[in-house]
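Numbering of ligands and ligand atoms starts at 1, following listing order.
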Amino acid sequence: MSLTIVVKIGTSSLTQPETGQLALSTIATLAETLCHLRRQGHRVILVSSGAVGVGCARLGLTERPKAIALKQAVAAVGQGRLIRIYDDLFTTLQQAIAQVLLTRSDLVQRSRYLNAYNTFQELLGLGVIPIVNENDTVAIDELKFGDNDTLSALVASLVEADWLFLLTDVDRLYSADPRSVPDARPIALVSSIKELAQLQIQTGSQGSQWGTGGMATKISAARIAIAAGVRTVITQGRFPQNIEKIIQGELIGTHFEPQPEPTSARKRWIAYGLLPAGKLYLDEGAIAAISLAGKSLLAAGIKLVEGEFRTQDAVQLCDSNGNEIARGLVNYNSDELQKIRGCHSREISAILGYAGVETVIHRDNLVLI
Ligand SMILES: Nc1ncnc2c1ncn2[C@@H]1O[C@H](COP(=O)(O)OP(=O)(O)O)[C@@H](O)[C@H]1O
Ligand SMILES: N[C@@H](CCC(=O)OP(=O)(O)O)C(=O)O
């Protein structure tokens, strides 16, 4: 059976921690492994970090730059070098590759989202291995994936992959960061999003010296992927050959079981493609109605409205502590919602002076997170 496999490799696996120089043997083994998977008929996408790390090594910088403009300049140096190394290795193995640089805005607009989908389908149909990274050199703060864990999960969701591998510098997920908590418990299997919440994993605030998001972004990436029906594995980047063993059934790393009934493609776009423009704080009745009974959101259950947004923008739906429980497309803009929040639907036309729809967010446009 032909599988669609997305592999994400982080800077911490691509470079030597002491020197920042490229970990050539890891990259070569990764290339061999991916080619092997291709020859077995699988469709393979590589999401590779490293532009900033490789750029720093090239320019002799000893730490990851913080200033945005410098980081963008360094990424421009590193990305070219990185893709050249991949192209040399894959060419030796007679495998065509493609460079795909994405920004967040490529997934926000539905037409661009579908366009990205079509491009990946063409590349995979041609037997090419797309090598994806964020287009760091032009990405602006408000329109950023920010980390490649999230990017890889969105790509896996976009192409409806069977597997997502998050390759990093630890062998698996632990109950807490094993660097600072030596007796942290290893986690082999997470069977649902609910179980993930119950595990209460501690991730610290950041990753290794060169990594970006640490374990927190890998966990949120796993949530996005499993909701889309993608089996996700966190495992060590130093042994890329393990990918094949894992596909054959070996329990290496941490496995996240995919949700049995994946969220539809359109709802995934609402939840993760779009950028939320505001927040609605709901009362308990509304939370129960949308999360347990699958109902639409009515104005009566909205306690507070935050942000400025237009009709059909995406907003986050939160409990009173600000914890996000759902996202959806609003039928009213923020000014209108400030006036009708907490009111009964039959009062809306009198308050606004015109007849609006009964629901603030229809259930077809509402996704639980
Ligand atoms: N609960 C945890 N389990 C495993 N690793 C963790 C955990 N919390 C934090 N970490 C840290 O996350 C790091 C990996 O993240 P990061 O440096 O961003 O890697 P990458 O470059 O592969 O994206 C590990 O080196 C580890 O120290
Ligand atoms: N786009 C950035 C990588 C961002 C990122 O998520 O890095 P990492 O945590 O090493 O996977 C780069 O190429 O340097």
Side-chain angles (χ1 to χ4, degrees), residues 6-17 20 22-23 26 30 46-59 61 63-65 68 70-83 85-86 99-104 131-139 144-155 164-188 190 196 199-222 233-238 240 253-254 256:
V6 177
V7 178
K8 182 259 168 175
I9 186 154
T11 314
S12 61
S13 305
L14 288 170
T15 52
Q16 315 276 5
L22 281 169
T26 299
L30 177 68
L46 175 63
V47 178
S48 177
S49 302
V52 177
V54 171
C56 284
R58 181 76 187 83
L59 298 170
L61 305 178
E63 62 181 53
R64 201 179 174 94
I68 304 264
L70 178 58
K71 195 152 65 177
Q72 293 187 309
V74 170
V77 173
Q79 180 64 29
R81 198 162 153 61
L82 189 63
I83 212 74
I85 291 156
Y86 279 124
Q99 174 179 247
V100 178
L101 298 178
L102 292 173
T103 59
R104 194 76 178 73
I131 301 185
V132 184
N133 197 356
E134 177 154 20
N135 196 350
D136 294 305
T137 303
V138 296
K144 249 188 172 176
F145 297 106
D147 66 87
N148 278 356
D149 300 319
T150 309
L151 172 60
S152 67
L154 292 172
V155 168
L164 168 63
F165 289 90
L166 298 170
L167 304 184
T168 185
D169 63 348
V170 276
D171 63 341
R172 64 184 65 197
L173 177 66
Y174 287 80
S175 55
D177 187 346
R179 284 180 209 280
S180 46
V181 185
D183 59 351
R185 193 167 32 87
I187 294 166
V190 179
L196 183 59
L199 283 169
Q200 295 196 327
I201 293 159
Q202 321 255 306
T203 54
S205 56
Q206 59 195 85
S208 54
Q209 190 197 351
W210 291 102
T212 299
M215 218 19 88
T217 52
K218 288 175 196 27
I219 293 173
S220 68
V233 180
I234 296 176
T235 186
Q236 200 151 19
R238 253 195 302 149
T254 303
F256 296 77

Pro178 neighbourhood, listing ligand 1 atoms whose heavy-atom distance to it stays under 4.0 Å: 3 (N), 4 (C), 5 (N), 6 (C)
Taking distance alone, with no angle check, do Gly214 and ligand 1 share an N/O pair under 3.5 Å? yes
Look only at interatomic distance and state if Arg179 has a nitrogen or oxygen under 3.5 Å from any nitrogen or oxygen of ligand 1. yes
At what distance, to the nearest 0.5 angstrom, does CD1 of Ile83 lie from CG of Leu101? 7.5 Å
Please could you name the atoms of ligand 1 that Leu167 approaches to less than 4.0 Å, counting only its heavy atoms? 22 (O)
Does the N or O separation between Gly50 and ligand 2 drop below 3.5 Å for any pair? yes
Any N or O of Glu134 closer than 3.5 Å to N or O of ligand 2: no
Restricting to non-hydrogen atoms, name the atom on Lys218 and the atom on Leu166 that form the minimum distance, rounded to 0.1 Å. O-CD1, 3.8 Å
Counting heavy atoms only, which part of Asp177 comes closer than 4.0 Å to ligand 1: side chain, backbone, both or neither? both
Between Asp169 and Arg179, is there a side-chain N and carboxylate O pair less than 4.0 Å apart? yes
Quick note on ligand 2: atoms under 4.0 Å from a heavy atom of Gly10 include exactly 10 (O), 11 (O)
Heteroatom distance test (Ser13, ligand 1): nitrogen or oxygen, under 3.5 angstrom: no
Taking side chain as C-beta onward, heavy atoms only, is Asp183 less than 4.5 Å from Val181? yes
Please give me the minimum heavy-atom distance between Gly50 and Leu82, naming the atom from each residue. C-CD2, 4.0 Å
Which atoms of ligand 1 sit under 4.0 Å from any heavy atom of Ala176? 1 (N), 2 (C), 3 (N)
Candidate with minimal heavy-atom separation from atom 20 (P) of ligand 1, of Ala221, Ser12, Pro186, Ser152: Ser12
Of the listed options (Asn148, Asp147, Val52, Val74), which comes nearest to atom 14 (O) of ligand 2 when hydrogens are ignored and any heavy atom counts? Val52
Measure the CD1-CZ distance between Ile219 and Phe256 for me, rounded to the nearest 0.5 Å. 6.0 Å
Atom indices of ligand 1 within 4.0 angstrom of Gln202 heavy atoms, with elements: 1 (N), 2 (C), 8 (N)
With no hydrogens and no angle check, just 3.5 Å: does a side-chain donor-acceptor pair link Gln79 and Asp136? no
Got an N/O contact under 3.5 Å between Ala51 and ligand 2? yes
Give me the atom names and distance for the closest heavy-atom approach of Ala23 to Ser13. CB-O, 3.7 Å
May I have the step-by-step check of side-chain contact (heavy atoms from CB on, under 4.5 Å) for Tyr86 and Leu46, ending in yes or no? CA-CA 11 Å; Tyr86 279 124; Leu46 175 63; 3.7 Å; yes
Apply the test side-chain contact (heavy atoms from CB on, under 4.5 Å) to residues Tyr174 and Thr254: give CA-CA distance (whole Å), side-chain angles for both, the deciding distance (0.1 Å), then the verdict. CA-CA 9 Å; Tyr174 287 80; Thr254 303; over 6 Å; no
Return the minimal non-hydrogen interatomic distance between Asn148 and Glu134, and the atom names on each side. OD1-N, 3.9 Å
Do any N/O atoms on Asp136 end up under 3.5 angstrom from N/O atoms on ligand 2? yes
Shortest non-hydrogen contact from Gly214 toward Asp149: O-OD2, 4.0 Å
Only heavy atoms of Thr11, strictly under 4.0 Å: list the atoms of ligand 1 that pass. 21 (O)
Would you please test Asn133 and Ser48 for side-chain contact (heavy atoms from CB on, under 4.5 Å) and show each step? CA-CA 6 Å; Asn133 197 356; Ser48 177; 5.9 Å; no
Just distances here: any N/O of Lys8 and N/O of ligand 1 closer than 3.5 Å? yes
How close do Gln72 and Thr137 get, heavy atom to heavy atom, and via which atoms? O-OG1, 3.3 Å
Can you list the ligand 1 atoms lying under 4.0 Å from a non-hydrogen atom of Asp169? 13 (C), 14 (C), 24 (C), 25 (O)
Near Gly10, which atoms of ligand 1 are under 4.0 Å from a heavy atom of that residue? 20 (P), 21 (O), 22 (O)
Can you tell me if Ala75 contacts ligand 2 (heavy atom of the residue under 4.0 Å from the ligand)? no
Are any of the N or O atoms of Lys218 closer than 3.5 Å to those of ligand 1? yes
Numbered in order shown, the ligand 2 atoms found under 4.0 Å of a heavy atom of Lys8 are 8 (P), 11 (O)
Side chain, backbone, both or neither: which applies to Thr11 and ligand 2 if a contact is any heavy-atom pair less than 4.0 Å apart? both
Quick check on contacts: which atoms of ligand 1 are under 4.0 angstrom from a heavy atom of Ile201? 1 (N)
